[in-house]
Novice: 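Before I ask anything, here is the structure I am working with.
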Amino acid sequence: MAKDIYHYNVRAALEKDGWIITDDPLTLQFGSRGVFVDLGAKKLLAAEREGQRIAVEIKSFVGKSLVKDWENAIGQYTLYLKILSKKEPDRTLYLAITEEIYTSFFNEDIVQVVLADGVIKIIVVDTIQEVITRWIN
C-alpha cells in the first residue's frame, strides 16, 4: 500500500503535538472487506482519565485536478466515517491537508459548500516545519 507523499510529515507533526501513533495504517475490517486509514493516534489528556482517539486520512491534492482530488477525498472520508461509526465510534476522523492547499484551495466555494455542515474535520499541517497549524472541527 502506497503512502501519501506527506505521510511522514503529518505523522511527525502529530507526534510533535503530543499524539501517540497507534496504527500506521489503521485497518478497518467491515464485512468481507477492509479499508486502511492512513494513521490512528491517541492522546492522553491531563483533564481526563481516558484519552482521545483519532483516525487521520492524509490527502496531498497533487493530481491533475484539485476538484477530482476533492471528490475522492470526500468519498473516502465518508466511507471511513461510516465504518468508524460502527467499529470504533469513540474515534474521531480527520482529513489532513497541507497549509498550502488550505490557503489556496479550501477557501473556494466548491470546498466550502461541503465543509459548511461541519461533518468533515480537518487538520492543517505545515509540512516544512512538520507542525499542525489548525484543527478545524
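Quick note: residue numbers are just sequence positions, from 1.
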Novice: Hey, is Arg11 close enough to Glu130 for a salt bridge, meaning N to O under 4.0 Å?
Specialist: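 Salt bridge absent between Arg11 and Glu130.
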Novice: Check Asp24 against Asp38 and note the closest heavy-atom contact, atom names and distance.
Specialist: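 Residues Asp24 and Asp38, closest heavy atoms: OD1-O, 3.6 Å.
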Novice: Taking all non-hydrogen atoms of both residues, which atom of Ile136 and which atom of Tyr94 are closest, and how far apart?
Specialist: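 Ile136 and Tyr94 have their closest heavy atoms at O-CE2, 4.4 Å.
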Novice: Does Gln29 use its side chain to pair, donor to acceptor, with the backbone of Arg33 at less than 3.5 Å?
Specialist: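 Present.
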Novice: Kindly say whether Ile5 contributes a backbone atom to a donor-acceptor pair with the side chain of Ser60 at under 3.5 angstrom?
Specialist: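 No, because the side chain of Ser60 does not come within donor-acceptor range (under 3.5 Å) of the backbone of Ile5.
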Novice: So, Asp4 side chain and Tyr6 main chain: donor-acceptor pair closer than 3.5 Å or not?
Specialist: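 Looks like yes, one N/O pair under 3.5 Å.
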Novice: Which heavy atom of Ile110 sits nearest a heavy atom of Val114, and at what distance?
Specialist: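 Shortest heavy-atom contact: O-CG2, 4.0 Å.
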Novice: Is the closest side-chain heavy-atom distance between Ile123 and Val56 below 4.5 Å?
Specialist: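 Side chain of Ile123 against side chain of Val56, heavy atoms only: contact under 4.5 Å found.
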Novice: So that I can tick it off, tell me whether Asp69 and Lys64 are bridged by a salt bridge, with the cut-off set at under 4.0 angstrom between side-chain N and carboxylate O.
Specialist: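 So Lys64 does not pair with Asp69 through a salt bridge.
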Novice: Are Tyr80 and Val35 side-chain neighbours, meaning at least one heavy-atom pair lies under 4.5 Å?
Specialist: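 Yes, at least one pair of side-chain atoms sits under 4.5 Å.
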Novice: Side chains of Glu88 and Asp90: does their closest heavy-atom pair fall under 4.5 Å?
Specialist: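 Yes. Closest side-chain heavy atoms under 4.5 Å.
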Novice: Using modelled atom types only, decide if a donor and an acceptor are shared between the side chain of Asp17 and the backbone of Trp19 within a distance under 3.5 Å.
Specialist: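 Not a single qualifying donor-acceptor pair exists.
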Novice: Could you tell me the separation between the CD atom of Glu57 and the CG atom of Leu81, rounded to the nearest 0.5 Å?
Specialist: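 The distance works out to 12.5 Å.
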Novice: Strictly by modelled atom types, are Gln129 and Lys16 linked by a side-chain donor-acceptor pair under 3.5 Å?
Specialist: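 No, no side-chain donor-acceptor contact under 3.5 Å.
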Novice: Looking at CD1 of Ile128 and CG of Asn9, how far apart are the two atoms once the value is rounded to the nearest 0.5 Å?
Specialist: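 Answer for the CD1-CG pair, Ile128 versus Asn9, is 7.5 Å.
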Novice: Answer yes or no: is there a donor N or O on one side and an acceptor on the other, between the side chain of Thr133 and the main chain of Val124, under 3.5 Å?
Specialist: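 Present.
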Novice: Locate the shortest heavy-atom distance separating Gly40 from Arg91; write the atom from each residue and the value.
Specialist: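 Closest approach of Gly40 to Arg91, heavy atoms only: CA-NH1, 3.7 Å.
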Novice: Can you confirm if the aromatic rings of Phe61 and Phe106 lie within a centre distance of less than 6.0 Å?
Specialist: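 Yes - the distance between ring centres of Phe106 and Phe61 falls below the 6.0 Å cut-off.
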Novice: Quick check: closest heavy atoms across Lys121 and Tyr77, and the distance to 0.1 Å?
Specialist: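 The answer is N-OH, 3.0 Å.
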Novice: State, with a plain yes or no, whether a side-chain heavy atom of Leu95 is found less than 4.5 Å away from one of Lys59.
Specialist: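 They are in side-chain contact.
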